[in-house]
**Student:** 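Structure provided below as structure tokens; questions to follow.
So you know, we letter chains A, B, ... as the sequences are listed, proteins then strands, and number each from 1.
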Amino acid sequence: MILPVQQLVRSRMAEAVSRLYDIPADDPVLASVAVDIPPRRALGDLAVPLAFELARRLRKAPRVIAQEVAGALGSIDGISRIEATPNGYLNFFLDRPHHLAAWLAEPDRVPPASGDKAIVEHTAINPNKAAHIGHLRNAALGDAFGRLLRYLGRDVEVQNYIDDTGVQVADVAVGFREIEGKDLSAVRHIADTTRFDYYCWDLYARVTDWYEQDKERLKIRSAALHEIEHGGNPTAELAAFIADRVVRRHLETMARLNIRYDLLTWEGDILRLHFWSHAFEFLKSTGAVFLQTDGKLKGCWVMRIEEDAPAAKDDPTPGEPTDAAEEEPREKVIVRSDGTVTYVGKDMAYQLWKFGLLGRDFNYRLFTEEDDGNPLWSTTSGPGAEGDAPAFGRASWVCNVIDTRQSYLQKLVKQALAALGYHEQAGRSIHYSYEMVALSHSTARELGYDTGGEADRPFVEVSGRKGLGVKADDLIDRLTEKAAREVGKRNPELGPDETRRTAETIAIAALRYFMVKFSRGKVIVFDIDEALSFEGESGPYLQYAVVRANNIFNKLRDRAGLDEAGVVALLQSTPSDVLVSGNEESHDLWGLVLEAARLDEVVDQAVRTLELSVLAKYAFGLAQAFNGFYHRYPILNEERADVRVWRAAAVAMCRNQLTRALQLMGCTVPARM
RNA sequence: GCGCCCGUAGCUCAGCAGGAUAGAGCAUCGGUUUCCUAAACCGGGGGUCGCAGGUUCGAGACCUGCCGGGCGCACCA
């Protein structure tokens, strides 16, 4: 939509300025020409403040430069007028009827480009307990990010990493075995007859407590971890069972939120297929990882942590020893003294595989056939489905959605790539980091947690280990119940199934919008009442705007036999005075269309900055603009036929773009609400 | 101690790659339904953009320092 227009203006500006003032085209000032949007439509549709930047260099007033450039630009396709403002902006006015018609005719999506694949890894919940709101933020961001990349025409592979051989799964296995005295068949019975992830949630908290009571018991954990890593024993089988069943529950939870994956990557397969030992050899041979023979890490294979070069290095104070020289170099354990591998080690091997640098591949099996008909594949170390599986891995760009508390580990993974000489891939390893979700005191109390001990803290941190948190399914259930009550109130004629389906759609939008509307660097202090709100800046607000817009078209079809294509066909022959006259009404109408056209620009920005909240805010602003328009300008009841057609076209723009924006956030629009 | 993040209205947050008059939601006060769904709309009140310097034609945004808060610096992930 608007992006190509901006790019055209950008390049024509650069060209004109280059010619006019003899500035080379690759000069920084021309390489990235800023294109803004003027505050009011009467001022124009695109604004370029380039004259300000050139003023000093050319020793000319911005106003003069703007005028000269305007004269040199000539005519530009789709631009009806170019105006230099008295203060020095260069404002561009778009050909309104032309663009509105063209945008409505544009296909839904950019055709998928061939070539470079991006891998997005997200969710990655330890498969030993139910998913909670913290995981929801990860999955909501990761899933939406993948959708945005696809919208921009990128080839995307979404992976969910399953840490089935880590401490957390081991803990629950120990809990079943030691605290509950249960073997695999007994646990299987529990899994078949309970909400298993909830059961494990409680058990995990009990195990944590059980370790606290007697630290000696940590030796049991260590032994279990060993058994799991080696395999072929009852504890490993139990752990594998727990992980498999809990993962299936996570997938169900995520499916409720329209979140799906292409591939599940199991950490156990990384071990069994010797990915780790392979990567380990690489890392040892370069010296990046070495055996520590001294100090408290004696017997561990460690990696030295590169500190960021201190800025003061250029200007060392003479005669004073730097602190760095006195400090012990920091080291991170990759292989523990008991011989087991830490998570980072396995993640390094995984990262190498993602880029196709490991020289080995997984086997693949079909994990489930999902509701939408798309297969979900899984890695396996057993026999794979030869030839049937798509080509996984070998990406040119890797994005790991992991919360900011793991920045340090992600840095190490990147550092490992660089240490092996893969600097380019290290540069294309993106850590999509975001802040944690915590609980407000009132919500924590409502859940029955005593927060007295941390009354002075601004929030209560979620802890799976302590069983402290809001479970994802509980939250979705509550949202759905509330939405169902509201739907029932407003649409009593709807049957129970339809009411339920509508309520679920609304609940999902409420939740997913809530998870992306905050910028990623901000801690979300989760408050249940705030999350349950369907008014104001919320997902349902967006849906409601689209429902209204769709309704206009439903009625237009019923009353006048006119659908969107019919409206578009009429545009050519309809006088466009209402759109171009320059009065307030024309600016309101066009302003709405122009705002709706900005989706691609916003998506581009969101991807560039890894900041999805800009999409959420944009969609909300567009819905607000639509609602304002809706109240002010009637469509169905408008008597002037030409005005009715152009207004309907604007409504079509809005609902199409808002529907797409919601889709990008994983939300759909109900028929009514 | 070191590193990263945050500080804008009573509360929760936007403010894009410096640009035109600092915005939104909630809360609060007042108004709008014989009219396309009031989950909506319109209006009022509410701001030393943490503090101090600096860069710039122009700073909420960039730089430096300070203050306040959070997170990380595990043989957990």
Side-chain angles (χ1 to χ4, degrees), chain A residues 32 34-40 43 47 49 52-53 55-56 61-62 85 87-89 124 126 163 166-168 171 221-222 296-297 299-300 302 305 307-308 310 323-324 327 330 332-338 340 342-344 347 402-409 433 435-436 438 457-459 461 464-465 483 486-487 489-491 506 517-525 527 530 533-538 540-541 543-545 547-549 551-556 559 601-602 605-606 608-609 611 613-614 616-618 620-621 624 627-628 630-632 634-638 651 672-673:
Chain A
S32 62
V35 179
D36 298 335
I37 294 184
R40 292 181 308 279
L43 292 170
F52 300 106
E53 286 183 63
R56 194 206 320 231
T85 71
N87 57 359
Y89 278 100
N126 269 298
D163 184 359
V167 172
Q168 295 207 18
D171 283 350
R221 168 198 271 178
S222 173
K296 63 176 184 217
L297 297 182
C300 296
V302 301
I305 298 156
E307 304 292 342
D308 285 326
D323 289 348
E327 260 176 38
R330 299 210 337 235
K332 172 71 192 172
V333 172
I334 307 296
V335 178
R336 303 181 184 103
S337 55
D338 67 3
T340 55
T342 60
Y343 156 81
V344 219
D347 213 26
I402 306 176
D403 87 77
T404 186
R405 287 172 291 189
Q406 290 195 46
S407 295
Y408 162 70
L409 283 314
S433 72
E435 263 293 355
M436 63 170 157
R457 318 231 86 187
F459 47 73
E461 199 168 338
R465 198 159 302 173
E486 300 291 327
V487 172
K489 240 190 287 179
R490 286 156 229 252
N491 305 279
I506 293 168
K517 79 171 180 177
F518 303 97
S519 34
R520 63 194 174 97
K522 229 137 199 169
V523 176
I524 296 180
V525 181
D527 187 84
E530 195 190 338
S533 164
F534 297 161
E535 286 166 18
E537 196 195 338
S538 69
Y541 178 95
Q543 291 175 311
Y544 188 60
V547 167
R548 281 173 144 180
N551 226 358
I552 290 172
F553 271 88
N554 291 339
K555 297 210 163 146
L556 209 53
R559 295 183 195 177
E601 179 203 349
V602 171
Q605 186 198 337
R608 219 176 39 234
T609 58
E611 188 51 86
S613 63
V614 304
K617 298 285 176 188
Y618 161 77
F620 173 63
Q624 259 186 328
N627 275 327
Y630 176 92
H631 277 274
R632 197 161 172 203
I635 289 104
L636 297 175
N637 298 324
E638 172 55 47
V651 171
R672 30 176 52 200
M673 62 186 285

**Student:** Does the side chain of Asp347(A) reach to within under 4.5 Å of the side chain of Leu409(A), using non-hydrogen atoms?
**Tutor:** no

**Student:** Determine the Euclidean distance between corresponding P atoms of C36(B) and C29(B); express it in Å to zero decimal places.
**Tutor:** 30 Å

**Student:** Can Lys617(A) and Val602(A) be said to form a side-chain contact (heavy atoms from CB on, under 4.5 Å), step by step?
**Tutor:** CA-CA 10 Å; Lys617(A) 298 285 176 188; Val602(A) 171; over 6 Å; no

**Student:** Write down the distance between CG (Asn551(A)) and P (C35(B)), rounded to a whole number of angstrom.
**Tutor:** 15 Å

**Student:** Looking only at atom types and distance, does a side-chain atom of Arg520(A) sit under 3.5 Å from a main-chain N or O of Ser433(A), one as donor and one as acceptor?
**Tutor:** yes

**Student:** For Val547(A), which contact category applies under a 4.0 Å heavy-atom criterion: base, sugar-phosphate, or nothing?
**Tutor:** base

**Student:** Provide the distance between the two P atoms, one in A52(B) and one in U8(B), to the nearest whole Å.
**Tutor:** 16 Å

**Student:** Within the structure shown, what part of the strands sits under 4.0 Å from Val487(A) by heavy-atom distance: base, sugar-phosphate, or nothing?
**Tutor:** base

**Student:** Nearest whole Å is fine: how far is C35(B) C1' from His631(A) NE2?
**Tutor:** 11 Å

**Student:** Give the rounded distance in Å between these two atoms: CZ of Phe52(A) and P of A59(B).
**Tutor:** 13 Å

**Student:** Under the side chain to side chain donor-acceptor pair (under 3.5 Å) test, which residues partner Arg559(A), sequence neighbours left out?
**Tutor:** none

**Student:** Just call it for Phe534(A): base, sugar-phosphate, or nothing, with non-hydrogen atoms closer than 4.0 Å on any strand.
**Tutor:** base

**Student:** Check the phosphate of C57(B) against Arg56(A), side-chain N and O only, distance under 4.0 Å to OP1 or OP2. Yes or no?
**Tutor:** yes

**Student:** Across the strands shown, which category fits Phe518(A) at heavy-atom distances under 4.0 angstrom: base, sugar-phosphate, nothing?
**Tutor:** sugar-phosphate

**Student:** Using the C1' atoms only, state how far C16(B) lies from C57(B), rounded to an integer number of Å.
**Tutor:** 22 Å

**Student:** Heavy atoms only: give me the nearest Pro49(A)-Asp36(A) pair and the separation to one decimal.
**Tutor:** CG-OD2, 3.7 Å

**Student:** When the distance from CZ of Arg672(A) to P of A39(B) is rounded to whole Å, what number comes out?
**Tutor:** 13 Å

**Student:** Please state how far atom CD1 in Ile402(A) lies from atom C1' in A77(B), giving the value in whole angstrom units.
**Tutor:** 10 Å

**Student:** For a quick check of understanding: with a heavy-atom distance under 4.0 Å over all strands, which category does Ser407(A) fall into, base, sugar-phosphate or nothing?
**Tutor:** nothing

**Student:** For Phe459(A) versus Ala438(A), what's the shortest heavy-atom pair and its separation?
**Tutor:** CD1-CB, 3.4 Å

**Student:** Say you pick atom P in U21(B) and the same atom in G68(B); how far apart are they, in whole Å?
**Tutor:** 36 Å

**Student:** Sub-3.5 Å donor-acceptor pair from the side chain of Thr342(A) to the main-chain atoms of Ile334(A), do we have one?
**Tutor:** yes

**Student:** Pick the closest RNA chain B nucleotide for Glu601(A) and for Asn126(A) by heavy atoms, then say which residue is nearer the 5' end.
**Tutor:** Glu601(A)

**Student:** Quantified in whole Å, what is the P atom distance between nucleotide C4(B) and nucleotide C63(B)?
**Tutor:** 12 Å

**Student:** How many whole angstroms separate atom CG of Asn627(A) from atom C1' of A38(B)?
**Tutor:** 11 Å

**Student:** Which letters describe nucleotides 20-28 of chain B, given B = protein heavy atom under 4.0 Å from base, S = only from sugar-phosphate, - = neither?
**Tutor:** BB--SSS--

**Student:** Polar pairs (N or O, both sides) under 3.5 Å between protein and nucleotides 69-74 of chain B?
**Tutor:**
| residue | atom | partner | partner atom | Å |
| --- | --- | --- | --- | --- |
| G70(B) | OP1 | Arg457(A) | NH2 | 3.1 |
| C73(B) | O2' | Arg330(A) | NE | 3.1 |
| C73(B) | O2' | Arg330(A) | NH2 | 3.0 |

**Student:** Could you check which of C41(B), C36(B), A77(B) has an atom nearest any side-chain atom of Tyr343(A)?
**Tutor:** A77(B)

**Student:** Please determine which of Asn551(A), Asn491(A), Asn554(A) meets the side chain to side chain contact (heavy atoms under 4.5 Å, CB included) test together with Arg672(A).
**Tutor:** Asn491(A)

**Student:** What is the distance from CG of Asp163(A) to P of A77(B), rounded to the nearest Å?
**Tutor:** 7 Å

**Student:** Could you check U33(B) for me: syn (within 90° of 0) or anti?
**Tutor:** syn

**Student:** Contact class for Ile506(A) vs. all strands (heavy atom < 4.0 Å): base, sugar-phosphate, or nothing?
**Tutor:** base

**Student:** So what does Thr609(A) touch, heavy atoms closer than 4.0 Å: a base, only the sugar-phosphate, or nothing?
**Tutor:** sugar-phosphate

**Student:** Using atom P in both nucleotides, what's the gap between U28(B) and U33(B) to the nearest angstrom?
**Tutor:** 22 Å

**Student:** Roughly how many Å apart are G3(B) and G44(B), using the C1' atom of each and rounding to a whole number?
**Tutor:** 47 Å

**Student:** So, using side chain to side chain contact (heavy atoms under 4.5 Å, CB included) as the criterion, who are the partners of Glu530(A) when residues are at least two apart?
**Tutor:** Phe514(A), Phe518(A), Asp527(A)

**Student:** Where do Lys517(A) and Ser613(A) come nearest, in terms of heavy atoms and distance?
**Tutor:** O-CB, 3.5 Å

**Student:** Just do the side chain to side chain donor-acceptor pair (under 3.5 Å) check on Ser533(A) and Glu535(A) with the steps written out, would you?
**Tutor:** CA-CA 6 Å; Ser533(A) 164; Glu535(A) 286 166 18; 5.7 Å; no

**Student:** Suppose you measure atom P in G54(B) against the same atom in U12(B); what distance do you get, rounded to whole Å?
**Tutor:** 33 Å

**Student:** Restricting to side chain to side chain contact (heavy atoms under 4.5 Å, CB included), what partner residues turn up for Gln624(A), sequence neighbours left out?
**Tutor:** Tyr541(A), Phe620(A)

**Student:** Once you apply a heavy-atom cut-off of 4.0 Å, does Gly521(A) come out as touching a base, just sugar-phosphate, or nothing?
**Tutor:** sugar-phosphate

**Student:** Starting from P on C11(B), measure out to CD on Glu530(A) and report it in whole angstrom.
**Tutor:** 14 Å

**Student:** Extract the stems that RNA chain B is part of, considering only consecutive pairing runs of at least three Watson-Crick or G-U wobble pairs, both distances under 3.5 Å.
**Tutor:** B:1-7 with B:67-73, B:10-13 with B:23-26, B:28-32 with B:40-44, B:50-54 with B:62-66

**Student:** Might you point out which heavy atoms bring Met673(A) and Pro540(A) nearest each other, and give the distance in Å?
**Tutor:** CE-O, 3.6 Å

**Student:** Closest nucleotide of RNA chain B for Arg632(A) versus for Lys522(A): which of these residues is on the 5' side?
**Tutor:** Lys522(A)

**Student:** Which nucleotide sits closest to the side chain of Pro540(A): A39(B), C36(B), A40(B)?
**Tutor:** A39(B)

**Student:** Where is the tightest heavy-atom contact between Tyr343(A) and Ile402(A), given as atom of each residue plus distance?
**Tutor:** OH-CD1, 4.3 Å

